[in-house]
Amino acid sequence: MKFKKLCAAIVSLSLAGTLAAIPAMAKEPVSVRYNLPESIKIGETLPASMGEYECIAYFDHLDPSQPGIYYHTADEQDLYSMFYPSHLGEGPYASIDENGTAQAIIMFTPEYQTAYAPGKLSFDFAYAYGDGSWDDAPNEDEYISVGEPFTVTVEEPVIETNAPEYVKAGSTLRFTTELTNTALENRDTAYYLDENNYDENGWLKMDSSNFDLLHKIAYLPCVEVVEGQEIVKQSEQDYSNTLHSAETLTFTGTGTVTLKVTYKQFATCWSCNSVFVSEGNPTGEYRTYNPETLITLHVTEDGIAPAPETDKEELKQIITEYSDLSAADYTAESFAAYEAAFKQAKAVFENPDATQEQVDAAMTALKQAVAQLKPAETSETDPEDGKEETESPDTGDENVFTGAILLTCAALGGGSLMMYRRKRSS
């Protein structure tokens, strides 16, 4: 009885130890979930839910017994190359809840801090446990990287125009441009061009009358003739809108005209756009992004694109390659088809007005005709011998004749020998 009790106690202790070990074995490694979109447009902010002080990532499976974590992302400074000033978190430091989760907060106000330049921004979070005291903050080598990086793409804006590739000399064109693939609103450029709305430092004044324009990205369209200034004139220019423009182009001669369309970004906030030195003083430079594109117009007498040049080089090569074929080597029918295709190919090659489609068709027909040539049939008589089969006995007949002679001689010899033996015996 005592032995049974002892065995039961041992089993109970083993089971208890196993159950206690299961949570430790099943504990998942620290991971990160991103609350970010994969791509946004200029004028949009970073957090997916567009609120103030947004959580852009969640750390999961942290140790709940710890008070919190310090965290950072390796590419934090890249924010400044694509977004107006912002920073991650309040420190950044985050407390850990009872489920082992902490939030990475970005101090991003969607109304003011938006993407102003295209590119890719990669987030690669790392963390270190701590109590939030910055006097005892962890060293860089104490941070632990978490999960795979997450990349947000700020899409490239697109400048669209109504420019044709060819225009007629002497004609006019109401040339229009538009900046698309952004999240921006079209505004009047007059406010940004009024010097009275700027202070002595050249920055927009901040007051209740213009507060909704501060931090908002806005552009001044500009169209510049960089080639062909002597054959085109600009007039009736309308650059009064931040996202589109219009003007009249008059073409006075033939040639090539190249236009550079630029949307120049206004510096709408001194603290957002200015580049500062380490002491906090502005350098006079601005962080702006100015989309631009080049437009080429060909001015001709009739405004019609010239016919493309015909490429006959390959046709010339196959005509040369197949020009010396002999009719004696092929059947009459197959050679006649080849000859017709060859003549047609040569006629197309010599035709200065032949189109590329005609050239290609002639090449295809000639290649097919050559591929279908059949060799001429040969005679059964051996051309090299020149003698009839009856003039030379077959080797087999010679062997039979020789064998018959030998058998006759053997028979006569055998008969003579027998007669000689009989005579001696008698």
Checklist entry - Hey, is the main chain of Thr176 close enough, under 3.5 Å, to the side chain of Asn162 for a donor-acceptor pair? => result yes
Item to check | Distance-only side-chain donor-acceptor flag, Lys120 / Thr153, under 3.5 Å | outcome: yes
Next on the checklist: When you measure from the side chain of Thr189 to the backbone of Thr242, do you find a donor-acceptor pair of N or O atoms at a distance under 3.5 Å?
Outcome noted: no
Next on the checklist: Is the distance from the ring center of Tyr116 to that of Tyr289 below 6.0 Å?
Outcome noted: no
Next on the checklist: Could you measure the distance from the CD atom of Glu178 to the OG1 atom of Thr161? Nearest 0.5 Å is fine.
Outcome noted: 11.0 Å
Item to check | Passing option when Tyr263 is tested against Thr182, Asn290, Thr177 for side-chain hydrogen bond (donor to acceptor under 3.5 Å, both in side chains) | outcome: Thr177
Checklist entry - Do any N or O atoms from the side chain of Tyr338 and from the backbone of Tyr322 form a donor-acceptor pair under 3.5 angstrom? => result yes
Checklist entry - Any luck finding a side-chain donor-acceptor pair between Arg174 and Thr248 under 3.5 Å? => result yes
Checklist outcome for this item: Of all heavy-atom pairs linking Cys55 and Asn35, the shortest is O-ND2, 2.8 Å
Item to check | Steps toward side chain to side chain contact (heavy atoms under 4.5 Å, CB included) verdict (Val152, Phe123) | outcome: CA-CA 8 Å; Val152 177; Phe123 291 88; 4.2 Å; yes
Checklist entry - Are side-chain heavy atoms of Leu325 and Phe335 found at a separation under 4.5 Å? => result yes
Item to check | 4.5 Å side-chain heavy-atom contact, Pro164 and Leu297 | outcome: yes
Checklist entry - Looking only at heavy atoms, what is the nearest atom pair of Ala128 and Pro138, with distance? => result CB-CG, 3.7 Å
Checklist entry - Hey, does Glu28 have a side-chain heavy atom less than 4.5 Å from the side chain of His61? => result yes
Checklist entry - Are Ser39 and Glu155 linked by a side-chain donor-acceptor pair shorter than 3.5 Å? => result yes
Checklist entry - Has the side chain of Tyr71 got a donor or acceptor atom that lies under 3.5 Å from a matching backbone atom of Ile105? => result yes
Checklist entry - In terms of side-chain heavy atoms, does Thr101 have a donor or acceptor partner in Asp60 at a distance below 3.5 Å? => result yes
Next on the checklist: What's the separation between atom CG in Leu294 and atom CD in Glu224, rounded to the nearest 0.5 Å?
Outcome noted: 10.0 Å
Item to check | Thr180 OG1 to Glu160 CD distance, which is reported to the nearest 0.5 Å | outcome: 4.0 Å
Next on the checklist: So which atom in Ser240 and which in Asp238 form the shortest heavy-atom distance, rounded to 0.1 Å?
Outcome noted: OG-OD1, 2.6 Å
Next on the checklist: Please check: side-chain N/O of Tyr219 versus main-chain N/O of His244, any donor-acceptor pairing under 3.5 Å?
Outcome noted: no
Checklist entry - Does Glu156 CD have over 12 foreign heavy atoms under 6.0 Å away? => result yes
Item to check | Side chains of Leu179 and Pro291 in contact at under 4.5 Å (non-hydrogen atoms) | outcome: yes
Next on the checklist: Apply side chain to side chain contact (heavy atoms under 4.5 Å, CB included) to residues Val223 and Phe175 and explain how you reach the verdict.
Outcome noted: CA-CA 10 Å; Val223 178; Phe175 178 63; 4.0 Å; yes
Item to check | NZ (Lys312) with more than 12 external heavy atoms under 6.0 Å | outcome: yes
Next on the checklist: On a heavy-atom basis, which atom in Val299 and which in Gly253 lie closest, and how many Å separate them?
Outcome noted: CG1-O, 2.9 Å
Checklist entry - When rounded to the nearest 0.5 angstrom, what distance separates CD1 in Ile159 from OG1 in Thr262? => result 6.5 Å
Checklist entry - Considering only heavy atoms from C-beta outward, does the side chain of Asn197 approach that of Tyr191 to under 4.5 Å? => result yes
Item to check | From CA spacing to verdict: side chain to side chain contact (heavy atoms under 4.5 Å, CB included), Glu227, Thr256 | outcome: CA-CA 7 Å; Glu227 181 184 2; Thr256 300; 4.1 Å; yes
Next on the checklist: Tell me the closest heavy-atom pair linking Asp63 and Ile96, and the distance in Å.
Outcome noted: O-CD1, 3.7 Å
Checklist entry - Do the non-hydrogen side-chain atoms of Leu259 and Val257 ever get within less than 4.5 Å of each other? => result yes
Checklist entry - When rounded to the nearest 0.5 angstrom, what is the spacing between CG in Leu366 and NZ in Lys346? => result 12.0 Å
Next on the checklist: Under 3.5 Å, is there a donor on one side chain and an acceptor on the other for Ser334 and Thr331?
Outcome noted: yes
Item to check | Audit row: Ile318, Lys367, side chain to side chain contact (heavy atoms under 4.5 Å, CB included) steps and yes/no | outcome: CA-CA 8 Å; Ile318 66 172; Lys367 289 179 180 179; 4.2 Å; yes
Item to check | Spacing of Tyr239 atom OH and Cys222 atom SG [to the nearest 0.5 Å] | outcome: 6.0 Å
Next on the checklist: Please check this pair: side chain of Gln66 against backbone of Leu62, looking for a donor-acceptor N/O pair closer than 3.5 Å.
Outcome noted: no
Item to check | Check against salt bridge (Lys or Arg N to Asp or Glu O under 4.0 Å), Lys316 and Glu321 | outcome: CA-CA 9 Å; Lys316 178 182 178 181; Glu321 182 179 355; over 6 Å; no
Item to check | Any donor-acceptor pair under 3.5 Å from Thr73 side chain to Asp124 backbone | outcome: yes
Next on the checklist: Measuring only between side-chain heavy atoms, which start at C-beta, is Tyr58 closer than 4.5 Å to Val32?
Outcome noted: no
Checklist outcome for this item: Minimal heavy-atom distance between Gly43 and Ile217, with the atoms involved, is N-CD1, 4.2 Å
Checklist entry - So, the side chain of Gln356 versus the backbone of Asp311: is there a donor-acceptor pair under 3.5 Å, distance only? => result yes
Next on the checklist: Tell me if a side-chain donor or acceptor on Gln372 pairs with a main-chain N or O of Ala369 at a distance below 3.5 Å.
Outcome noted: no
Item to check | Main-chain N/O of Lys41 paired with Glu44 side-chain donor or acceptor, under 3.5 Å | outcome: yes
Next on the checklist: Using ring pair (Phe, Tyr, Trp, His ring centres under 6.0 Å), reason through Phe125 and Phe59 one step at a time and then give a plain yes or no.
Outcome noted: CA-CA 9 Å; Phe125 273 104; Phe59 291 88; 5.6 Å; yes
Checklist entry - So, Glu142 and Tyr70: side-chain donor and acceptor under 3.5 Å apart, yes or no? => result no
Next on the checklist: Between Ile304 and Tyr166, is there a side-chain heavy-atom distance shorter than 4.5 Å?
Outcome noted: no
